[in-house]
Amino acid sequence: MNKPKLVLVGNGMAGVRTLEELLKIAPDHYDITVFGAEPHPNYNRILLSPVLAGEMTVPEIVLNDLQWYADNGIKLHLNKKVTKVDRVKRQVVAEDGTVESYDRLLLATGSNPFMLPIPGNDLPGVIAYRDIADTDAMIEAAKTHRHAVVIGGGLLGLEAANGLKLRGMDVTVVHVGPWLLERQLDEVAGRMLQQSLEERGLKFLLQKNTEALIAGESGRVAAIRFKDGMQIPADLVVMAVGIRPNTALAESSGIHCNRGIVVSDTLQTYDPKIYAVGECVSHRGIAYGLVAPLFEQAKVCANHLAGYGIGRYQGSVTSTKLKVTGIDLFSAGDFMGGSDTEDIVLHDPAGGVYKRLVLKDNKLVGGVLYGDTADGSWYFQLLREGKDVSQIRDHLMFGQSNLGDTGHQGHNKAAAMADSAEVCGCNGVTKGVIVKAIKEKGLFTLDEVRKHTKASASCGSCTGLVEQILASTVGGAYQAASSAEKPMCGCTEHSHGAVRQAIRERHLTSIPAVIEALAWKNPNGCEKCRPALNYYLISTFPHEARDDPQSRFINERAHANIQKDGTYSVVPRMWGGVTTPNELRAIADVADKYQVPMVKVTGGQRIDLLGVKKEDLPHMWADLAQAGMVSGHAYGKSIRTVKTCVGSQFCRFGTQDSTGMGIELEKMLFDMWSPHKVKLAVSGCPRNCAESGIKDVGIIAVDSGWEIHVAGNGGIKTEAAQFLCKVATAEEVKEYSGAFLQLYREEGFYLERTVHYVQRVGLDHVKRLVVEDEDNRKALHARLLDSLKDAADPWAEHQETPARREFEPLTF
Amino acid sequence: MSQWKNLCALEDIPLLGSRVVQHPGGDIAVFRTDGDAVFALHDKCPHKGGPLSQGIVHGQRVTCPLHSWNIELASGEAVAPDQGCTARFQVKVEDGRVWLQA
Ligand code: SRM
Ligand SMILES: Cc1cc2nc3c(=O)[nH]c(=O)nc-3n(C[C@H](O)[C@H](O)[C@H](O)COP(=O)(O)OP(=O)(O)OC[C@H]3O[C@@H](n4cnc5c(N)ncnc54)[C@H](O)[C@@H]3O)c2cc1C
Ligand code: SF4
Ligand code: FES
């Protein structure tokens with residue numbers, strides 16, 4: 001069968017990245033042909049700066065060598081510029097006459113450097129800084145010439161100037177603006193930067209307008225003259241004054257352009273057969289000039305080219321770093337601020353540190369860091385995800401690690417840590433081991449570091465620190481992925497959100513159906529995605545989708561917690577932490593009968609029987625059932641416990657019956673599966689003896705009713721719960737709590753606790769759907785009750801069904 | 001010399017699951033994959049001895065329930081970058097019955 005033909009024009013970073021994304025999700029979909037005007041395979045343009053500075057070589061920056069094209073069956077036309085697109089015949093024509101037909105065309109022609117329209121701009125020795133040829137020209141010039149002038153004090157200009165200086169030239173940077181990098185830095189940071197570059201021997205002429213470039217005797221450029229009459233020698237002039245989207249080809253073939261090839265959120269041009277990505281594109285009026293947004297475009301575009309039709313590109317917030325070794329500079333978002341924003345500033349001129357954070361409506365909207373950029377990626381994450389920072393405002397400036405973190409308080413700069421310092425407390429991994437693995441194995445992403453070193457692969461509390469180490473080791477090439485966009489696992493490129501949406505909208509009701517519809521790479525998925533998919537299916541279609549025990553972690557399959565020696569622990573439910581002499585007797589009896597090595601009171605107000613053999617489990621459960629006890633789900637991503645205090649029944653301060661309220665809530669939620677475990681507490685007064693302030697749902701009784709707090713967490717990183725609302729009656733407590741939990745069940749990503757879920761969607765979103773909208777609240781609560789309507793004790797089920805066989809060993 | 005012994009019916013092993021066989025030399029885990037292929041490994045993870053029989057089976061691999069190493073069912077080898085190997089045993093399916101040599 002003939003495959004459809006895909007032609008890519010522009011063998012650069014955005015175009016080839018799109019092909020890579022496409023090959024990942026639909027490897028055999030197209031016959032692919034690529035045209036590139038440059039004679040090189042796809043290389044990392046960003047790293048031209050280290051090449052110029054002599055820190056790397058050209059072969060080191062190649063991203064896809066010729067073998068890669070061959071291995072993927074891609075026909076490659078190097079050194080061939082496409083000059084015509086015939087949209088009627090669906091053909092492209094190159095300068096040398098090569099013709100290729102297409103069914104889908106992808107334009108990724110990048111941009112052209114802007115050359116100032118002044119006399120002499122075409123003299124030999126006057127160049128731009130865009131590609132390998134330019135970089136080679138600069139390296140050659142530095143060998144034989146002395147005076148270099150760089151026009152433009154932006155990122156590119158400064159990186160060029162720094163490189164030429166390191167190659168021994170006498171370098172002057174000419175800039176029209178009032179300070180350097182005025183598009184990335186405020187004035188204070190701009191001046192600090194200028195000072196440290198001057199200390200390295202660079203010269204600056206600010207607020208200078210160039211009038212002409214003047215030729216010398218040989219015909220090569222020899223001097224530069226400014227409008228104020230000043231003239232200085234120049235035998236190499238690098239223009240770095242901006243770029244213009246390269247739309248020549250698109251325009252000549254009649255595709256709508258307006259400062260870029262105009263594309264929709266699916267990266268389609270006005271001709272639906274033609275897509276465009278990269279710097280040549282104008283999306284919602286913006287043409288981006290940094291790779292991170294282009295890579296996001298590439299991903300969405302690939303998804304549509306593959307015919308999946310999920311995902312839209314909705315624009316990006318960008319951040320920048322200057323790649324001059326030894327200078328730390330980071331800026332993101334709206335760092336200049338305005339009349340409606342507030343600034344938090346830290347300035348230590350002697351220490352060479354300047355930080356400015358710009359806030360608006362309790363959200364971080366911009367920031368500039370100079371001298372200490374360790375927290376750059378954290379700030380950027382807060383900014384991009386639009387998180388409410390009012391709670392952490394007073395220590396925001398001091399960075400993420402100052403927020404406290406039980407794993408490793410004290411270390412706040414990955415770069416300053418000793419190699420022997422332990423980073424991951426669960427797996428005993430030191431900084432030295434991580435850095436070594438990153439360098440030797442060429443790791444780029446958090447996932448790769450996790451796989452190779454196990455750092456942050458267990459409880460995850462050191463994730464931020466590992467990301468910092470990664471960023472400081474690989475430098476500008478590191479991009480922290482946004483949690484909402486990360487692929488679920490190695491089986492797919494789709495994120496949790498996209499998968500949940502596809503399940504709901506396409507009415508997928510079994511794991512094989514999802515794996516087929518979304519073209520999973522592994523036919524049975526893996527240990528990471530199967531449990532997630534199983535949860536998404538049963539929570540989306542409660543009575544329709546069938547639970548798949550084989551896709552559950554052993555704890556949930558065996559209804560008991562596996563221990564390090566392969567035995568299990570058994571925790572019967574004690575509603576609201578209340579028990580009876582009969583229950584205690586039954587527990588004592590089974591402990592004797594099955595020779596349980598340890599009986600322990602848990603942190604969740606109940607009793608744990610530890611060290612039980614698997615084959616004893618069904619018998620023990622049957623004995624406990626006799627005394628009326630059911631499973632405590634201590635093993636599940638499910639409702640765990642509802643802790644209570646004694647409350648008004650006995651306590652001299654109690655205002656309401658907190659114990660009774662807790663029991664009612666626990667009964668309402670019995671057998672509820674959720675994205676992660678769910679813990680509640682009910683306290684009888686604000687003294688809060690049940691610790692309601694660190695629970696997924698914490699209720700605090702007051703004289704006039706009940707306060708409901710949500711999204712607290714007492715685990716890896718303690719987070720206080722946030723106040724949701726106050727209600728008057730016990731019925732309302734159940735309705736609001738139930739509605740909140742149902743919202744979490746429908747929108748949460750697998751293994752996301754309520755605290756992280758609410759951080760992601762925002763408390764306002766929750767309030768809107770649960771507190772303010774009564775109809776919606778009632779509907780959510782009703783859906784919760786409906787999905788729990790035939791909840792049964794999992795221990796009882798296992799005493800009858802054939803699944804029981806799993807508990808019986810075979811003999812040989 | 002160990003000989004082939006009739007263990008159980010194929011259906012007695014859950015699809016994408018396993019059963020434990022008690023053996024004087026230590027428990028053996030017998031796995032059944034998606035395509036009804038059957039494999040047998042010593043029920044001890046090369047990492048810290050976790051019971052592999054209790055893991056999630058996917059493709060021709062099982063993920064150990066204790067710290068999530070992946071083990072190849074056919075070879076008993078840990079999937080890179082982890083390193084280690086657990087012993088294999090011969091198994092076969094004939095007329096819907098599972099035979100084990102151990
Ligand atoms: C038994 C118990 C400890 C005890 O002896 O008291 C316990 C034992 C385990 N906890 Fe816990 N946690 C126990 C109360 C807690 C509490 C306190 C509480 O519930 O009030 C917390 C902090 C509160 C919270 O969750 O917000 C707690 C936070 C964790 C966490 C961190 C969760 C987080 O999101 O930060 C984990 C790891 C996880 O779930 O991924 C964890 C995981 C575990 C596991 C299941 C580890 C595992 O995956 O095997 C432990 C099982 C041990 C075993 O061999 O059986 N345990 N664990 C407690 C059972 C309570 C119960 O009756 O159900
Ligand atoms: C020195 C330097 C440093 C940089 N540093 C950073 C940085 O630190 N961080 C960052 O995010 N970004 C940086 N950038 C910007 C980044 O490199 C670009 O945003 C990115 O390369 C744009 O990708 P693209 O695919 O759109 O364009 P390109 O990578 O330019 O690819 C376009 C390709 O299309 C080819 N082409 C054009 N027209 C035709 C045609 N008609 N036929 C055939 N081929 C054609 C061109 O020759 C080119 O190879 C830097 C850029 C430079 C020059
Ligand atoms: S019981 Fe909880 S705190 Fe204790 S070792 Fe296990 S996971 Fe860690
Ligand atoms: S014992 Fe198997 S992964 Fe640790």
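Letters go in sequence order (proteins before strands), and every chain restarts at 1. Please read all numbers here as calculations on a predicted model, not as lab measurements.
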Seminar exercise, completed: Under 4.5 Å to a heavy atom of chain A? For B:Ala80 that would be neither
Exercise. Going through the checks in order, is the side chain to side chain contact (heavy atoms under 4.5 Å, CB included) test met by A:Leu810 and B:Leu7?
Worked result: CA-CA 8 Å; A:Leu810 297 165; B:Leu7 192 63; 4.1 Å; yes
Exercise. Chain A contacts: which residues in residues 34-41 of chain B have a non-hydrogen atom closer than 4.5 Å to it?
Worked result: B:Asp34
Seminar exercise, completed: Under 4.5 Å to a heavy atom of chain B? For A:Arg552 that would be backbone
For this session: Heavy atoms only, distances under 4.5 angstrom: which of A:Ile554, A:Ile562, A:Asn555 has the most pairs with chain B? Name it, please.
Result: A:Ile554
Seminar exercise, completed: Counting heavy-atom pairs under 4.5 angstrom with chain A, the leader among B:Asp43, B:Asp12, B:Thr33 is B:Asp12
Exercise. Is it the side chain or the backbone of A:Lys614 that comes within 4.5 Å of chain B heavy atoms, both, or neither?
Worked result: side chain
Problem set entry | NZ (A:Lys521) with more than 12 external heavy atoms under 6.0 Å | yes
Exercise. Can you tell me if NZ on A:Lys637 sees more than 12 non-hydrogen neighbours from other groups inside 6.0 Å?
Worked result: yes
Seminar exercise, completed: Honestly, the part of A:Pro549 sitting under 4.5 Å from a heavy atom of chain B is neither
Seminar exercise, completed: Contact list (residues 86-97 of chain B to chain A, heavy-atom gap under 4.5 Å, by number) returns none
Problem set entry | Check: A:Lys451 and B:Asp82 side chains under 4.5 Å, non-hydrogen atoms | no
For this session: Write out, in numerical order, the residues from residues 47-76 of chain B with a heavy atom short of 4.5 Å from a heavy atom in chain A.
Result: B:Pro51, B:Gln54, B:Gly55, B:Ile56, B:Val57, B:His58, B:Gly59, B:Thr63, B:Pro65, B:Leu66, B:Trp69, B:Asn70
Problem set entry | Residue B:Ile13 versus chain A: region with a heavy atom under 4.5 Å | neither
Problem set entry | Side chain, backbone, both or neither of B:Gln83 within contact of chain A (heavy atoms, under 4.5 Å) | neither
Exercise. Counting only N and O atoms by type, is there a donor-acceptor contact under 3.5 Å from the side chain of A:Gln550 to the main-chain atoms of B:Leu16?
Worked result: yes
For this session: Just jot down the ring-ring contact (aromatic ring centres under 6.0 Å, His included) partners of A:Tyr568, sequence neighbours excluded, or say none.
Result: none
Exercise. Relative to chain A, which of B:Val20, B:Leu15, B:Asp27 shows the most heavy atom pairs under 4.5 Å?
Worked result: B:Val20
For this session: Assess whether atom CD of A:Glu516 is packed by more than 12 heavy atoms of other residues, nucleotides or ligands within 6.0 Å.
Result: no
